[in-house]
Number of protein chains: 2
Amino acid sequence: MDTRTKILETASRLFATHGYGSTSLSVVAKDASVSKALIFWHFESKGNLYEAVLARTIEPYRIEPEAIAGLGVPDQVEHLIDLYYEFVTENVHSVRFFLSLFLRDEKRPDDSFGHVLDMYRHYRALVVGALRAGQEAGVLTPEIDAEAHGALILSSLNGVLVQALTGETGTASPERLLRELKSTLVDRLRVQ
Amino acid sequence: MDTRTKILETASRLFATHGYGSTSLSVVAKDASVSKALIFWHFESKGNLYEAVLARTIEPYRIEPEAIAGLGVPDQVEHLIDLYYEFVTENVHSVRFFLSLFLRDEKRPDDSFGHVLDMYRHYRALVVGALRAGQEAGVLTPEIDAEAHGALILSSLNGVLVQALTGETGTASPERLLRELKSTLVDRLRVQ
DNA sequence: GTCTATATACAGATAGAC
DNA sequence: GTCTATCTGTATATAGAC
């Protein structure tokens with residue numbers, strides 16, 4: 001691994017755990033086994049390093065909606081839920097980092113945040129779309145409001161994930177909660 | 001208001017928005033219109049000031065479970081949901097602050113965090129208890145697992161609140177989501 | 001209790017050798 | 001590209017007058 005990458009990875013880890021303000025470049029340099037000067041040679045300033053870290057963090061953020069094309073409608077929704085869940089568990093550290101940034105007024109370059117928000121909204125739209133398609137096909141009950149219910153599914157999913165992210169050891173495991181979520185919020189909508 | 005309190009309030013606001021590391025005592029002093037030295041006279045160190053802020057923040061955190069005693073069972077659950085929601089909206093700033101701390105490895109005095117966690121678990125136990133009572137009374141469907149379902153209700157509630165806390169302007173308002181949550185996660189459990 | 005002045009350490013950032 | 005040495009500002013913290 002080249003030095004630049006090593007700096008990025010070290011800074012990424014430290015910013016995420018201690019925050020931007022509490023992470024000094026001296027510590028980054030020491031942890032990455034380079035000199036402070038080298039950090040400045042590569043990134044010009046602490047702020048630039050931070051933006052580079054964020055950009056690199058969201059770079060692998062992607063969703064593949066093609067994967068659901070072949071599925072039946074109620075399964076589509078459950079599959080979207082699983083994909084979302086997997087995505088978060090595979091990116092725990094960076095997701096936790098971004099969430100904590102959203103909760104604060106800290107330095108947040110608009111483009112990175114816009115990208116993450118766009119992804120989230122797009123994903124929610126996919127869920128709402130699948131619900132609507134299910135209703136039109138007569139597979140899901142027309143009683144619910146697809147828009148609101150899709151939003152609730154995503155919010156609940158976020159709640160389950162926040163619990164996992166914060167390490168709150170509840171009575172039910174995240175997997176158990178996910179199962180309960182799918183059974184109550186999706187399966188029960190099926191027209192019998 | 002005495003000087004000590006003014007310092008606490010100012011520090012509280014600044015720590016919450018900018019984080020511990022990014023908040024200097026010079027700024028706290030200037031915003032509170034006191035000298036830096038006075039902060040040290042009152043609190044000894046920055047770390048002590050921080051702990052004092054946390055202790056003062058959770059001091060008004062309380063729940064009143066007596067209020068639900070007279071209600072019917074499904075209403076009890078909905079009432080608990082409303083109480084939780086109100087509590088968070090009335091304490092947005094500090095709740096947001098605590099949540100962001102749970103997501104990080106930052107300075108977190110164990111007693112404050114333990115207190116907040118205890119409160120949360122106690123509240124979840126109340127919801128689970130109400131669900132179970134409803135099942136035993138034959139008002140709620142025995143199909144669901146009260147433990148897991150109660151945990152899901154709290155998680156979903158958290159998800160809705162996180163959305164409100166982060167300021168994500170979704171298609172549905174928090175109030176609309178809350179209504180959808182109650183109708184899907186509680187009303188639909190009623191034995192017809 | 002509250003201040004000004006100061007000590008001391010460390011932060012971000014630069015200069016210049018190699 | 002990577003280093004050592006150094007500059008400059010600002011951070012936490014203390015001393016001591018009032």
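Below, each value reflects all heavy atoms present in this structure, side chains not excepted, and no hydrogens, waters or symmetry copies. Below, chains carry the letters A, B, ... as their sequence lines are ordered, and counting in each starts from 1.
- Distance alone, capped at 3.5 Å, is enough to place a donor-acceptor pair between the B/Gln135 side chain and the B/Ile144 backbone.
- Atom NZ in A/Lys36 sits roughly 11 Å away from atom C1' in C/dT14 (whole-Å rounding).
- Comparing A/Phe40 and B/Ala37, the nucleotide of DNA chain C nearest to each residue sits closer to the 5' end for B/Ala37.
- Without hydrogens or angle criteria, A/Ser94 side chain to A/Asn91 main chain gives a donor-acceptor distance under 3.5 Å.
- In the 5' to 3' direction, nucleotides of DNA chain D lying under 4.0 Å from heavy atoms of chain A begin and end at D/dG1 to D/dT4.
- Between B/Tyr84 and B/Tyr123, the ring-plane angle classifies as tilted under the 30° and 60° cut-offs.
- Between B/Tyr61 and B/Phe87, the ring planes are perpendicular. Angles over 60° get that label, and only those under 30° would be called parallel.
- When heavy atoms are screened at a 4.0 angstrom cut-off, A/Ser24 is found touching the sugar-phosphate backbone but no base atom.
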Show which side-chain atoms of residues 170-186 of chain B pair as donor or acceptor with protein atoms under 3.5 Å away, not counting sequence neighbours.
{"unit_1": "B/Thr171", "atom_1": "OG1", "unit_2": "A/Glu147", "atom_2": "OE2", "d": "3.2"}
{"unit_1": "B/Ser173", "atom_1": "OG", "unit_2": "B/Arg176", "atom_2": "N", "d": "3.1"}
{"unit_1": "B/Glu175", "atom_1": "OE2", "unit_2": "B/Tyr85", "atom_2": "OH", "d": "3.3"}
{"unit_1": "B/Arg176", "atom_1": "NH1", "unit_2": "B/Glu180", "atom_2": "OE1", "d": "3.4"}
{"unit_1": "B/Arg176", "atom_1": "NH2", "unit_2": "A/Asp145", "atom_2": "OD2", "d": "3.4"}
{"unit_1": "B/Arg176", "atom_1": "NH2", "unit_2": "B/Glu180", "atom_2": "OE1", "d": "3.4"}
{"unit_1": "B/Glu180", "atom_1": "OE2", "unit_2": "A/His149", "atom_2": "ND1", "d": "2.9"}
{"unit_1": "B/Lys182", "atom_1": "NZ", "unit_2": "B/Asp82", "atom_2": "OD1", "d": "2.9"}
{"unit_1": "B/Lys182", "atom_1": "NZ", "unit_2": "B/Asp82", "atom_2": "OD2", "d": "3.2"}
{"unit_1": "B/Ser183", "atom_1": "OG", "unit_2": "B/Glu180", "atom_2": "O", "d": "3.4"}
{"unit_1": "B/Thr184", "atom_1": "OG1", "unit_2": "B/Glu180", "atom_2": "O", "d": "2.7"}

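- Looking at residues two or more places apart in sequence or on another chain, you find a side chain to side chain contact (heavy atoms under 4.5 Å, CB included) between A/Thr23 and A/Leu14, A/Phe15, A/His18, A/Val28.
- Within the nucleic acid shown, B/Leu38 comes within 4.0 Å of at least one base atom, counting heavy atoms only.
- Following rounding to the nearest Å, A/Lys46 (NZ) and C/dC10 (C1') show an atom-to-atom distance of 12 Å.
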